[in-house]
Amino acid sequence: MAIGIASAMMMPLSSCQQAQRENPLLQESELPFGAPDFSKIQVDDYLPAFEVAIQQSRDEIKAIIDNTDSATFKNTILAYEESGKLLDRVSRTFFALAEADKTPEIGEIEKKVTPMLTDLGNEISFNKALFERIRQVYDKEYATLEGEDKKLTEEIYKEFVRQGALLPDDKMERMKEINLRISDLQQQWGDQLQEAVNDAVVWVDKKEDLAGLSDADIAQCEKDAENRGKKAPYAIVIVNTTQQAILASLDNRDLRKKVYEASIHRADGTNSHNNFTIVSEMAKLRAEKAEIMGYPNYAAYSLENTMAKTPENVYAFLKDLISQYRPKADAETKAIEDYARKTVSDGSPVGEFTLQPYDRFYYSAKMKKELLNISDDEVKPYFNIDSVLINGVFYAANRAYGLTFKERTDIPVYHPDMKVYEVIDKDGKSLALFYTDYFRRPTKRGGAWMDGFQKQSHQRNQLPIIFNVCNSAKAPEGQPSLLTWDEVTTMFHEFGHALHGILSNCQYNKLSGTSVARDFVEMPSQFNESFASIPEVFDNYARHYETNEPMPAELKERMLKSINFQTAYALGENLAATCVDLAWHMLSSKEIPSAEQAAQFETEALRQVGLLDAQIPPRYYTSYFNHVWGGGYAAGYYSYLWTEVLAVNVADVFAQRGALDPKTGQDMRDKILSRGNTGDLMKMFSDFTGMEQPDASGLLKARGL
């Protein structure tokens, strides 16, 4: 791989050079908004910056404890909220790279830093003197506080309690050990999964084996081979989900099988990578943590502060969906298999062909082509990534919320593929910086996400600095990067998260932006997907990359009609992954299966809920379910379906009032997007929609089911 800007800028410095310069991570950035200055940051700056920032955080906490005045909101709650600002800045800058451009050097620093941060977290969470002051404020002032002051006090107090501040000493010590070990395991998980995905590449020697792929896709396979050591002329890269989009086009059935099996076996011990040992230990530690806190299992502990509240409420929600989904999924599978048996040409006797999971996308695509006369290759020329962003994502945000976007080429980035935009409000004031990092590379973890170098906070005088990261293929030099419809909606989805950060208007850093429950945070992003198919928006971005002509009306009609073609699969893979997640986290610590039993446990968990279906596997099997074992979605993956209900309800309000109506957009800003976690989330939803409770009846309809 060629050395990018970030890599070139982060070559190690000699001790002499270090002595002659100040660490830029420890200085206030002179860039607009206080953006991290990647033109100055060196890889050797991170570890010493962490050491200084961690010590500063310790000193700030000590100052709160050593204050001899009675505890008040100002000298305790507000002082605690204001502590750790330097560490927050250093951490956000470093972990952005650790997720999106983890070079070996960054990986080694992460291994050193992670336990340091966990130790600090334990010191603070279990600091009895600090908690006693927080409790005094909660007991004496909470009733008289108002607005965000009241909410901040409540959140800080309850956070300490949930972390174990009221535990006896022996249990507190055990919680510290558990936290440290879970942190270590998550670090191992991230490293192993990235290696597993990179090693799961399927190498192809002959171009004819790639029959069915477009010229652009074949060129991409050639480029991917070059980026990964060129062990063969072509490489098929595995993406993070179970199914691989490329299977819809590959004519070679044996190669389809190789790709699918490389995906599902990437980290299950059938090769050199086995994540089940991490899963088993982490699940047991989470269960023990919940039990120490007085809960029967981790799901009960985790869900307490969500909209769903209990695992029983989640299962009731899922059970209803599964009962409606199951017959539609069976009918969909039968239709694909019947179609395949009529068209298969692999030598099987007519009518005896058995559809395999690696065949499903292939024959579904052929079926869609025949019935609807549409294919990805036909529409991708109209989905140039630059047009989707500028004329689609940004255009919708302008029409609905009054935002404009100005590219800033003067702000350094950590990788040359990135772009930076200044976000300007309708009154002409600067709101935020927004970074894009859309193309995949071996140093980037799979998936797509939003985060920020800086959150919005009036207290800290901070404007938000937000970024979106995706894993789309970057076309070879001189060719346009064209997207599938799924990748288009992913860009709109992640930008919905970005808007939640960009439009935040909160006093306190802790409460701002996306700092809300998991089963609410996905609502703005899932709702924002709806803008992708609104005619005015679609017509503005869906333009041919060569002629700039809009997608012809007849093709557009066929394409939009095809969005909901055979959508039982998408719902089923999500339901299955959700139930796998919950199954692991509904167990007591004594019930957790061993690494050797993990795969069978997963199978039985799916069987019990009626979702064991070879044709519709989980979107993520346990051994590569990063949301749950590497991220923050443990017992929370259901939130994608839960918030889809909220998003459908919100989209209905927009549709009724006018899909791009600025007054409705302002209402959405005022009542939801700007408010972070400053109020009751259900009330925010009700204030905007006028509904007392979400209405789940529209979800299946919205999915075409």
Side-chain angles (χ1 to χ4, degrees), residues 91 94-104 106-119 121 177-200 238-242 262-290 298-299 302 442-449 451 469 471 518 577-578 580-585 587 589 592-599 601-602 618-637:
S91 295
F94 175 77
F95 284 107
L97 269 70
E99 293 282 278
D101 197 25
K102 186 188 284 188
T103 62
I106 292 293
E108 286 303 309
I109 295 170
E110 186 181 24
K111 290 177 182 177
K112 296 176 182 177
V113 164
T114 299
M116 292 164 57
L117 294 173
T118 304
D119 282 338
E177 294 171 0
I178 290 173
N179 290 342
L180 190 60
R181 182 56 181 161
I182 287 177
S183 173
D184 180 48
L185 289 170
Q186 287 185 314
Q187 168 72 40
Q188 291 180 38
W189 169 276
D191 291 344
Q192 289 185 194
L193 184 58
Q194 184 169 320
E195 290 175 9
V197 172
N198 287 339
D199 288 349
I238 300 301
V239 300
N240 64 320
T241 53
T242 293
S263 174
I264 64 172
H265 294 308
R266 70 187 78 171
D268 64 358
T270 55
N271 51 35
S272 59
H273 303 285
N274 188 350
N275 278 344
F276 282 139
T277 53
I278 294 176
V279 167
S280 182
E281 184 179 356
M282 199 187 303
K284 189 167 187 175
L285 290 170
R286 285 174 176 169
E288 183 185 353
K289 184 174 183 175
Y298 188 81
S302 176
T443 54
K444 181 189 287 187
R445 75 166 173 86
W449 61 94
D451 209 327
V469 183
N471 267 281
R518 285 290 183 194
T578 294
V580 166
D581 168 31
L582 285 172
W584 277 102
H585 295 104
L587 302 174
S589 60
I592 303 297
S594 67
E596 293 74 25
Q597 298 167 328
F601 169 77
E602 181 178 53
R619 184 169 176 82
Y620 309 97
Y621 277 111
T622 295
S623 61
Y624 50 91
F625 204 163
N626 191 61
H627 287 75
V628 170
W629 307 109
Y633 281 79
Y637 195 71

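Small disclaimer: the values here were computed from a predicted structure and weren't measured.
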Engineer: Verify the neighbour count for atom NZ of Lys284: are there more than 12 heavy atoms of other residues, nucleotides or ligands below 6.0 Å?
Structural biologist: no

Engineer: OG/Ser183 to CG/Leu285 distance, rounded to the nearest 0.5 angstrom?
Structural biologist: 12.0 Å

Engineer: So, for Trp189 and His273, is the gap between ring centers shorter than 6.0 Å?
Structural biologist: no

Engineer: Can Thr443 and Asp101 be counted as having a side-chain donor-acceptor contact under 3.5 angstrom?
Structural biologist: yes

Engineer: Are Ser280 and Ile592 close enough, and set up right, to give a side-chain contact (heavy atoms from CB on, under 4.5 Å), and what steps lead you there?
Structural biologist: CA-CA 7 Å; Ser280 182; Ile592 303 297; 4.1 Å; yes

Engineer: Is Lys111 salt-bridged to Glu108, cutoff N-O under 4.0 Å?
Structural biologist: yes

Engineer: How far apart are the closest heavy atoms of Arg266 and Asn271, and which atoms are they?
Structural biologist: O-ND2, 3.4 Å

Engineer: Please report the closest heavy-atom contact between Val580 and Thr622, naming both atoms and the distance.
Structural biologist: CG1-OG1, 3.3 Å

Engineer: Can the ring centres of Phe625 and Tyr633 be said to be less than 6.0 Å apart?
Structural biologist: no

Engineer: Is the backbone of Thr114 close enough, under 3.5 Å, to the side chain of Thr118 for a donor and an acceptor to pair up by distance?
Structural biologist: yes

Engineer: Decide yes or no for Trp629 and Gln186: does some side-chain heavy atom of the first lie under 4.5 Å from some side-chain heavy atom of the second?
Structural biologist: no

Engineer: Can you list the residues that meet the salt bridge (Lys or Arg N to Asp or Glu O under 4.0 Å) rule with Asp119, with sequence neighbours excluded?
Structural biologist: none

Engineer: Would you confirm whether Asn198, through its side chain, and Pro442, through its main-chain N or O, come within 3.5 Å as a donor-acceptor pair?
Structural biologist: yes

Engineer: Determine, step by step, whether Phe601 and Trp584 satisfy the ring-ring contact (aromatic ring centres under 6.0 Å, His included) criterion, reporting the C-alpha distance in whole Å, the side-chain angles of both residues, the deciding distance to 0.1 Å, and the verdict.
Structural biologist: CA-CA 9 Å; Phe601 169 77; Trp584 277 102; 4.8 Å; yes

Engineer: Report the residues that fulfil side-chain hydrogen bond (donor to acceptor under 3.5 Å, both in side chains) with Lys102, sequence neighbours left out, ordered by chain and then residue number.
Structural biologist: Glu110, Asp191

Engineer: Between CD of Gln192 and OG of Ser623, what distance do you get to the nearest 0.5 Å?
Structural biologist: 11.0 Å

Engineer: For Tyr298, which residues count as a side-chain hydrogen bond (donor to acceptor under 3.5 Å, both in side chains) partner, sequence neighbours excluded?
Structural biologist: none

